[in-house]
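What follows is one structure encoded as structure tokens, with my remarks underneath.
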4 protein chains.
Amino acid sequence: MTDILRVAVIGAGRMGADHIKRLSTRIHGAEVAAVVDVDLSRAQAAIEGIDGAVALASADEALSNGDVNAVLIATPGFLHEEILYKALEKGFPILCEKPLTPDAESAWKVVQAETARGHKRIQVGFMRRFDAEYAALGSLIRDGELGELLMLHHQHRNPTTPAGFTNEMLINDSVVHEFDAIRFFTGEEITSVQVRLGKATRNAPNGQHDPQHVLLETESGVLADVEIYVNAKFGYEVATQASFEDGIVNIGGDSGPYVRTSGRWGGAVTPGFEERFGAAYDVEVQAWVDAARRGEIGGPTAWDGYATAACCEAGVEAQRSGEKVKVQLNAKPDLYN
Amino acid sequence: MTDILRVAVIGAGRMGADHIKRLSTRIHGAEVAAVVDVDLSRAQAAIEGIDGAVALASADEALSNGDVNAVLIATPGFLHEEILYKALEKGFPILCEKPLTPDAESAWKVVQAETARGHKRIQVGFMRRFDAEYAALGSLIRDGELGELLMLHHQHRNPTTPAGFTNEMLINDSVVHEFDAIRFFTGEEITSVQVRLGKATRNAPNGQHDPQHVLLETESGVLADVEIYVNAKFGYEVATQASFEDGIVNIGGDSGPYVRTSGRWGGAVTPGFEERFGAAYDVEVQAWVDAARRGEIGGPTAWDGYATAACCEAGVEAQRSGEKVKVQLNAKPDLYN
Amino acid sequence: MTDILRVAVIGAGRMGADHIKRLSTRIHGAEVAAVVDVDLSRAQAAIEGIDGAVALASADEALSNGDVNAVLIATPGFLHEEILYKALEKGFPILCEKPLTPDAESAWKVVQAETARGHKRIQVGFMRRFDAEYAALGSLIRDGELGELLMLHHQHRNPTTPAGFTNEMLINDSVVHEFDAIRFFTGEEITSVQVRLGKATRNAPNGQHDPQHVLLETESGVLADVEIYVNAKFGYEVATQASFEDGIVNIGGDSGPYVRTSGRWGGAVTPGFEERFGAAYDVEVQAWVDAARRGEIGGPTAWDGYATAACCEAGVEAQRSGEKVKVQLNAKPDLYN
Amino acid sequence: MTDILRVAVIGAGRMGADHIKRLSTRIHGAEVAAVVDVDLSRAQAAIEGIDGAVALASADEALSNGDVNAVLIATPGFLHEEILYKALEKGFPILCEKPLTPDAESAWKVVQAETARGHKRIQVGFMRRFDAEYAALGSLIRDGELGELLMLHHQHRNPTTPAGFTNEMLINDSVVHEFDAIRFFTGEEITSVQVRLGKATRNAPNGQHDPQHVLLETESGVLADVEIYVNAKFGYEVATQASFEDGIVNIGGDSGPYVRTSGRWGGAVTPGFEERFGAAYDVEVQAWVDAARRGEIGGPTAWDGYATAACCEAGVEAQRSGEKVKVQLNAKPDLYN
Ligand SMILES: [Mg+2]
Ligand SMILES: [Mg+2]
Ligand SMILES: [Mg+2]
Ligand SMILES: [Mg+2]
């Protein structure tokens with residue numbers, strides 16, 4: 001095991017701040033060395049109470065800071081590419097929040113750049129793979145106890161959307177998690193995407209068509225579908241039902257204290273993704289830190305970032321056309337096999 | 001199979017009205033021939049729309065009515081005894097709502113009267129034995145798949161109590177169902193009762209101590225306990241958890257449509273015993289009708305009525321003294337073995 | 001209320017025998033007067049122990065029997081048409097198991113024949129409408145408490161299929177229930193059907209492609225999908241998840257005693273449709289009997305039989321072509337509005 | 001925040017090894033500096049792969065090691081006392097696995113020793129307080145949303161017991177957790193204990209009476225009961241049902257992937273306390289480390305250790321006598337108010 005990770009966190013928004021807190025209070029073997037944000041005051045607020053951390057306004061500065069030896073990228077997706085190249089050049093371990101980059105073309109270039117260097121340095125932040133129930137379903141599929149997997153039914157529901165959340169973002173920011181999950185569960189690439197637009201909720205802001213029903217197929221013919229519903233009001237829900245040859249498995253059910261009061265039985269819905277996947281984020285980041293200290297990565301690769309970007313492009317086209325759209329993928333570099 | 005049952009229903013209160021509706025719209029092989037109530041207008045209201053039924057003010061009249069060949073007793077418990085003797089004399093099949101009679105001494109006389117005639121004619125209305133989950137747990141215990149039964153934990157909760165509901169009624173009217181249930185599950189008599197009085201709810205009317213914790217033992221040493229809570233506000237709940245040598249079984253869980261809205265997941269609590277045990281009452285009455293047409297009874301006996309009355313007496317004494325009180329039982333007549 | 005229903009049950013197979021038992025032991029206001037089966041010995045076995053019932057080999061004989069005043073049709077679907085016409089001619093109340101007839105054209109003729117007579121006499125056996133949870137979801141949708149209904153996700157799983165069960169039967173005999181359910185829930189007609197064929201289970205007999213994913217739309221744009229899986233091995237499951245503007249509702253969850261033993265928690269899966277929908281069948285037949293005695297029908301109409309037949313035709317075409325197929329419907333006669 | 005905690009872990013058995021792994025791979029702000037075990041080879045095995053940790057055979061040596069500044073005690077309970085005094089003398093932060101000491105008299109001396117020094121340094125390892133559902137129920141009770149708490153029903157079930165597990169250990173090692181939990185939930189001391197011995201499982205080793213039913217009361221009259229069942233075979237279960245004036249709350253229900261296969265629905269039971277409370281142990285130790293770095297403690301105190309020891313003494317006496325036994329407590333030093 002090498003030295004402790006001294007992490008530069010790039011981006012101190014909601015996700016970045018969450019990771020800063022995680023790294024500086026719960027993760028073993030890593031500390032926050034620097035926080036970068038174009039809004040320097042936000043970076044300064046984020047390092048309060050963290051011994052030895054500095055606030056900076058540029059990623060360049062952070063990467064050249066002698067105290068830094070690892071990077072966590074939590075900026076908006078369109079800013080990832082440039083930072084990725086610089087961090088790759090430094091040879092730093094990188095945890096890059098999804099998306100790797102906003103489109104398949106630029107993601108493919110990142111894959112090529114990493115491949116050229118011959119080492120996997122980039123881990124992409126698909127945290128669901130680290131959720132205990134996702135992991136358990138993944139194992140069930142691989143173990144084959146219930147025979148072959150045949151179908152996957154996904155529900156992905158958010159209470160509300162931030163201002164400016166477009167139809168494209170519904171695919172690129174939300175369904176992207178299911179693209180990765182389906183690839184994770186099946187160990188296969190997704191071959192086509194179709195999108196059904198039906199009756200829309202009155203609660204969707206102007207121009208947004210919500211919910212949508214996304215249909216997918218994998219290489220071996222597993223059929224998947226996703227109800228993506230981002231103004232579902234009641235709370236957050238991410239659930240999957242998997243149909244096997246010899247049984248059915250559900251994950252993502254509600255839990256927590258069970259109350260009977262005022263004529264109702266039940267409990268509280270998880271309000272958002274931080275609460276739902278908080279433990280998964282911890283496991284993800286600890287896995288990254290542990291692997292990085294061994295010179296490896298501990299989760300989804302740049303290839304996963306590229307392949308999901310290709311699915312998103314097909315998804316957005318399918319959303320517009322109503323047709324079934326093929327997913328276009330370059331050949332997979334050996335580095336990722 | 002003999003003729004259709006022409007039933008005189010004695011008592012047109014809440015429970016009687018429920019049975020009148022049941023007999024005249026859902027039960028096969030029986031019709032309401034007469035309804036008796038001291039309040040004749042209530043009897044008249046109850047027979048509205050029922051072809052061939054008459055409203056009467058006296059049970060005597062009903063039992064002598066040539067059209068009547070069976071009796072369902074749904075009056076207050078203190079009126080049961082006299083009607084039971086008259087119906088036994090007629091040789092009619094009898095379904096008597098619980099309690100058989102209000103005390104063990106009078107119940108024992110009924111047992112002796114029936115025994116003297118040599119035929120079981122009285123079925124007592126412990127309807128829980130006809131609930132699908134009660135029946136399933138009963139089977140599990142008898143089948144021995146999970147080894148020996150060791151403990152039974154009961155919850156019995158009502159939203160509110162009617163005016164004038166006393167501490168004694170909490171035992172005699174409510175826990176009496178668990179006395180029968182425990183005897184049904186174990187196939188044994190209850191040997192002692194203890195009652196714990198702790199903190200009481202502010203929602204209990206004056207003089208009532210609610211909830212109470214009732215502790216019981218059976219002949220073989222099975223330990224049972226009952227939380228009886230009759231002002232529980234949220235709705236109705238009757239549930240049991242049974243501990244076996246090789247596993248644990250719960251019955252009486254919540255069910256129905258599962259809703260996620262307004263930050264909560266869950267469903268509606270059953271509001272009262274009619275909704276919770278409506279199907280059990282149907283099965284109970286159909287079992288009685290089917291058996292009666294064969295000259296038999298199809299459920300709990302007068303002995304069960306007597307034994308539960310003895311438990312109630314011990315329970316009320318235990319409630320007063322705080323001590324463990326033995327249940328006193330006469331020897332069981334052969335008729336009931 | 002008119003006289004008791006004296007029912008001729010046509011067909012003494014699995015479904016017919018079930019209805020014979022129901023009518024002669026649980027339903028109030030009806031008795032089995034005659035049982036018809038081409039295999040007379042099967043009809044004779046079915047009436048054993050039923051006072052006043054006769055076994056006959058022809059439906060004609062039964063309909064002319066002076067003791068008969070109602071008909072329950074439980075023969076294979078291709079035999080329904082002829083019996084329906086004869087029973088309509090008699091003016092008898094009719095409970096016809098689904099399908100009304102095997103194709104939309106013949107079903108339309110039945111609709112026209114009934115319309116010509118000016119009275120609804122035919123009730124079609126879509127029993128799910130009488131299931132307590134189906135009814136509850138239907139009420140939730142109509143009441144609008146959760147806003148507008150947007151999507152319906154259905155699972156329909158059987159443990160195995162009988163010999164000779166074809167791909168077409170998967171639509172005509174199985175998904176037909178969802179066609180009716182979706183129409184019942186939404187109060188709208190289904191406008192299109194698409195079928196996805198993916199990876200198939202090794203447990204499907206030769207030639208059968210199982211499971212299949214069926215996609216539907218209604219007049220107002222509600223999107224529905226059905227996983228139809230008829231060799232699912234583990235047991236029987238019929239469940240629905242409904243997405244509303246203001247919440248999500250699930251029906252058809254597992255229930256019954258909850259056991260912890262041998263490292264597992266849970267319970268027994270309902271083995272088949274009789275156990276799952278037994279209570280619904282009782283409610284359905286009682287509703288038919290009660291309505292018939294008032295000269296009415298108490299459930300789905302001949303129009304429902306016709307409309308679902310049209311959905312089935314579109315479904316089978318969609319299954320073959322892989323394309324989205326429009327459902328073709330004639331104008332609805334006023335009799336059914 | 002002061003320096004990182006350099007922890008001496010005393011005892012490298014099952015619990016100690018678990019904490020060593022926790023401290024050296026998941027907890028932030030602490031590292032294992034030394035591991036002590038009378039079996040030196042066990043200590044050596046435990047530090048494998050941990051940079052900078054030493055294996056030692058004596059606690060004295062560890063406490064005098066300049067690199068150590070905190071102590072985690074995970075030896076058998078009868079060895080705690082001596083180490084506690086030495087660590088108190090050093091002024092080190094201490095996390096002491098339960099029990100504080102094996103009896104109330106020695107525990108009281110520890111309380112006095114700590115009180116004399118004027119600072120709380122000892123945190124006792126009642127990890128359930130750090131379980132998310134325990135914490136949630138605790139909040140519900142304190143918030144008063146459901147009115148006053150009235151009753152607590154506990155189930156505590158283990159699959160098997162280690163060799164030599166006596167009836168006394170059933171109270172001292174198992175029910176001790178409920179003693180603390182009830183004190184945590186109510187914020188009150190326990191005033192009496194009664195133990196019911198009924199039918200025993202065939203699976204209990206010689207001399208052990210299992211299960212037992214333990215009855216408790218708190219200062220304000222809350223009634224609690226515990227089914228303690230340590231040879232329950234099916235797996236591990238720790239659950240509580242709390243009855244309030246305005247509702248009922250359950251915690252500790254089963255969870256995880258939900259499977260339907262082979263005629264059963266359900267999931268896997270948690271096999272043991274490590275799996276059930278693994279996350280709680282992490283939260284507990286992190287809370288201790290965070291507080292210790294601020295010069296405080298972050299959980300149950302030495303007083304809690306003493307008070308539960310007094311409950312255990314009453315419990316063992318109650319087990320022998322069958323009578324209700326009062327819990328004897330000295331006055332609480334101000335340090336703990
Ligand atoms: Mg992420
Ligand atoms: Mg009753
Ligand atoms: Mg049907
Ligand atoms: Mg502990």
Side-chain angles (χ1 to χ4, degrees), chain C residues 131 133 153-161 174 178 199-204 210-213 226-241 248-278, chain D residues 131 133 153-161 174 178 199-204 210-213 226-241 248-278:
Chain C
D131 175 64
E133 293 207 353
H153 306 293
H154 297 265
Q155 293 91 41
H156 183 163
R157 295 165 183 144
N158 287 71
T160 51
T161 39
S174 297
E178 273 77 25
K199 203 163 168 179
T201 175
R202 72 179 192 283
N203 298 316
D210 183 44
Q212 302 189 12
H213 194 212
V226 183
E227 181 195 303
I228 177 69
Y229 188 5
V230 295
N231 298 280
K233 291 297 162 198
F234 69 91
Y236 185 75
E237 182 182 19
V238 166
T240 298
Q241 183 172 93
I248 310 292
V249 179
N250 287 64
I251 60 168
D254 297 303
S255 61
Y258 183 100
V259 181
R260 267 149 287 156
T261 188
S262 307
R264 289 204 51 175
W265 54 264
V269 175
T270 303
F273 71 91
E274 290 99 332
E275 293 84 357
R276 169 68 175 85
F277 288 111
Chain D
D131 175 64
E133 293 207 352
H153 306 292
H154 296 266
Q155 293 91 42
H156 183 162
R157 295 166 183 143
N158 286 71
T160 52
T161 40
S174 297
E178 273 76 26
K199 203 164 169 179
T201 173
R202 73 180 192 282
N203 298 317
D210 184 44
Q212 301 188 12
H213 194 214
V226 183
E227 181 194 305
I228 177 68
Y229 188 5
V230 296
N231 298 281
K233 293 294 161 200
F234 69 91
Y236 186 76
E237 182 182 19
V238 166
T240 298
Q241 182 171 95
I248 310 293
V249 179
N250 287 62
I251 60 167
D254 298 303
S255 61
Y258 183 100
V259 181
R260 267 147 286 156
T261 187
S262 307
R264 289 202 54 175
W265 54 264
V269 175
T270 302
F273 72 91
E274 290 100 333
E275 294 84 357
R276 169 67 175 85
F277 288 112

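Convention: sequence-line order gives letters A, B, ...; per-chain numbering from 1. All values reported here derive from a predicted model rather than from experimental measurement.
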Revision key, fill the gap. Looking only at heavy atoms, the pair that brings V269(C) and R264(D) closest together is CG2-C, 3.5 Å
**Study point:** Which of Y258(C), F234(C), W265(C) touches chain D most, by non-hydrogen pairs under 4.5 Å
**Key:** W265(C)
Check your understanding: With chain C, which of S262(D), S255(D), G256(D) has the greatest number of heavy-atom pairs at distances under 4.5 Å?
Key -> S255(D)
Practice item. For chain D, find which of G266(C), A268(C), G267(C), G263(C) contributes the most heavy-atom pairs closer than 4.5 angstrom. Key: G267(C)
Review point. So, for R260(C) and D254(D), which heavy atoms are closest and what is the spacing to 0.1 Å?
Key: CD-OD2, 3.3 Å
